[in-house]
Amino acid sequence: MKILVVGGGGREHAIIKQLKQNPAVESIVCLPGNAGIAADAECVPIKATDIDGIVNYVKNHPVDFTVVAPDDPLALGCVDRLHELGVKCFGPDARAARIEASKVFAKDLMKRYGIPTAAYEAFDDAEKALDYVKSCPIPVVVKADGLALGKGVTICFTREEATRAVRAAMLEGAFGTSGSRVVIEEYLEGPEVSVLAFTDGHVVRPMVSSMDHKRVGDGDVGPNTGGMGTIAPNPCYTPEVAERCMKEIFLPTIAAMNAEGCPFKGCLYFGLMVTKDGPKVIEYNCRFGDPETQVVLPLLKSDLLTVMMAVEDETLADTPVEFAGGAACCVMLASGGYPGKYEKGKVIDLGHAEAMARIYHSGTGRNDRGQLVTAGGRVLGVCCTADDLQTAIGKAYRAADEIKWDGMICRRDIGKRALGILKDQF
Ligand code: AMP
Ligand code: GLY
């Protein structure tokens, strides 16, 4: 089979490595891929957001199955266009992708169908939003409506911060057009859990749970990032929480999307907070998480391609999705300055890391001497599995310590909180 994967980060690298385990896969093309993915797939420099380019490529180079991994092409209707050509795809169509692409859509859906989430108000008028934050309960969370590279969320502990956040999003265009509408919502407290789930619009098969570490600094300080590391499974996702999530969140969300006439097929990512009143939805993503995928897929025992094709064919009910026991840890290595300004083109020394861990490339390239160099904010994900979390973390950091480049940063405490929770549980 010929497979096409749209995207070019660590998540796509993890997906491609997993797809390659199926002996029926003859070749994988990745648009645009990166320097690391090039070792596992043919990379063609067509941007993931260039939907016409992708469609033209597929017209000239027929494929048997396509995986559209990032949010932007999904929201832009990449799957709709490929389906028009008769190409089988994994990923939601544009109408279903609104569950991530519009926070207002997602919040209204949850309200209408009684799915637990933070209380909120939506605004497209800046004056009204500014008025609202004069008297709303504090802390409060201000969210740009549209896609904003994970940066459209501001947690405000004072009224001044809330005012600034509304102004930045709605009047100063800090998130482009994504911020012309905002959601202002109740601040929730509790541990966060990410659950990715396969769904074909009929059944939902949650994957092993995970925990992201979104802040740039150790101890969860500093600005939000795309994610600085992950562990799986997440110890806060107890069997009781899982059962409530299935009943109160996962199944109702699938049913709500069907009732709205936009069935969701693909990987639905539930960003959850386990509050004292039970699990609540913080956000939905219409795709695999990054770097959640890097810890979840190595634990998948079932064949990924078989599961993805069952999602497309709506036969997931007959397809087992099984995970191994044990645990996984992914430490992200990033460019100095990330998530703010950073330099690219730093030569990467991998040491012996590739023999010690799965190295997923997020933002890498080659310089004109053919050397592996940094080409993004998040650069490499170093991932290890083991029978228990502590061992997985130790292995991942030992491998990460092999890797060097000028200005490299990484958090030293990935999984530390999870280990603390595990100790308290036993
Ligand atoms: P989001 O992009 O919606 O996932 O938000 C980014 C991060 O902001 C989340 O992972 C949470 O840590 C935090 N966050 C978002 N919404 C809330 C909320 N209502 N209460 C507390 N923290 C939140
Ligand atoms: N790691 C968070 C995300 O993929 O949105």
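Atoms within each ligand, like the ligands themselves, are counted from 1 in listed order. Positions are given from 1 along the sequence.
- Residue-level proximity to ligand 2 for Glu292 is carried by the side chain, the only part with a heavy atom below 4.0 angstrom.
- Near Val141, the atoms of ligand 1 lying under 4.0 angstrom from a non-hydrogen atom of the residue are 16 (N), 17 (C), 18 (C), 19 (N), 20 (N).
- The pair Arg417-Asp220 meets the salt-bridge criterion, with a side-chain N (NZ, NE, NH1 or NH2) lying under 4.0 Å from an Asp/Glu carboxylate O.
- The shortest N or O to N or O distance between Asp290 and ligand 2 is under 3.5 Å.
- For ligand 1, the atoms sitting less than 4.0 Å from at least one non-hydrogen atom of Tyr187 are 20 (N), 21 (C), numbered in the order shown with element in parentheses.
- Results of the side-chain contact (heavy atoms from CB on, under 4.5 Å) test with Ile348 over Thr364, Val373, Leu333, Asp406 single out Thr364 as the only residue that passes.
- Atoms of ligand 1 found under 4.0 Å from any heavy atom of Lys143 (numbered from 1 in listed order, with element): 3 (O), 15 (C), 16 (N).
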Applying salt bridge (charged side-chain N to carboxylate O under 4.0 Å, His left out), run through Asp313 and Lys88 and close with a yes or a no.
CA-CA 9 Å; Asp313 296 339; Lys88 294 218 172 214; 2.6 Å; yes
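- For Glu185, a nitrogen or oxygen atom sits less than 3.5 Å from a nitrogen or oxygen atom of ligand 1, counting backbone and side chain alike.
- Near Asp212, with a cut-off below 4.0 Å to any heavy atom, the atoms of ligand 2 are 1 (N), 2 (C).
- Regarding atom 5 (O) of ligand 2, its nearest protein heavy-atom neighbour is Arg287 NH2, 2.9 Å.
- Counting heavy atoms closer than 4.0 Å to ligand 2, residue Thr230 contributes nothing at all.
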Please lay out, stage by stage, how Tyr284 and Phe270 fare under the test ring pair (Phe, Tyr, Trp, His ring centres under 6.0 Å).
CA-CA 5 Å; Tyr284 293 113; Phe270 297 90; 5.8 Å; yes
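- The Lys103 neighbourhood of ligand 1 comprises atoms 2 (O), 3 (O), with distances under 4.0 Å to a heavy atom of that residue.
- Close contacts of ligand 1 with Glu192, meaning ligand atoms under 4.0 Å from a residue heavy atom, involve 9 (C), 10 (O), 11 (C), 12 (O).
- Of all atoms in ligand 1, numbered sequentially from 1 with element shown, those under 4.0 Å from a heavy atom of Lys214 are 4 (O), 10 (O).
- Salt-bridge formation is not detected for the pair Arg95/Glu260: no Lys NZ or Arg NE/NH1/NH2 atom is positioned less than 4.0 Å from an Asp or Glu carboxylate oxygen.
- Across Lys143, Arg112, Glu185, a single residue satisfies side-chain contact (heavy atoms from CB on, under 4.5 Å) together with Lys107, and that is Glu185.
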Would Tyr269 and Phe288 count as a ring pair (Phe, Tyr, Trp, His ring centres under 6.0 Å) if you check the C-alpha gap in whole Å, the side-chain angles of each, and the deciding distance to 0.1 Å?
CA-CA 6 Å; Tyr269 168 133; Phe288 282 96; 9.8 Å; no
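- In this comparison of Asp220, Ile155, Val153, the heavy atom closest to atom 22 (N) of ligand 1 sits on Ile155.
- Within the structure, the closest approach of Gly289 to ligand 2 falls below 4.0 Å when heavy atoms are considered.
- Between Val29 and Tyr57, the closest side-chain pair of non-hydrogen atoms falls below 4.5 Å.
- Proximity of Tyr269 to ligand 2 is established by a heavy-atom distance of less than 4.0 Å.
- Both tests pass for Lys111 against the ring of Tyr120: distance under 6.0 Å to the centre and angle within 45° of the axis.
- Checked against a 3.5 angstrom limit, the closest N/O atoms of Gly226 and ligand 2 fall inside it.
- Of the N or O atoms in Leu188, one or more lie within a sub-3.5 Å distance of an N or O in ligand 1.
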Worked check of salt bridge (charged side-chain N to carboxylate O under 4.0 Å, His left out) between Asp52 and Arg81:
CA-CA 9 Å; Asp52 288 337; Arg81 294 278 303 279; 3.1 Å; yes
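- Not a single heavy atom of Glu189 sits less than 4.0 Å from an atom of ligand 1.
- Heavy atoms only, all atoms of each residue included: Ile115 and Ala256 are closest at CD1-CB, 4.4 Å.
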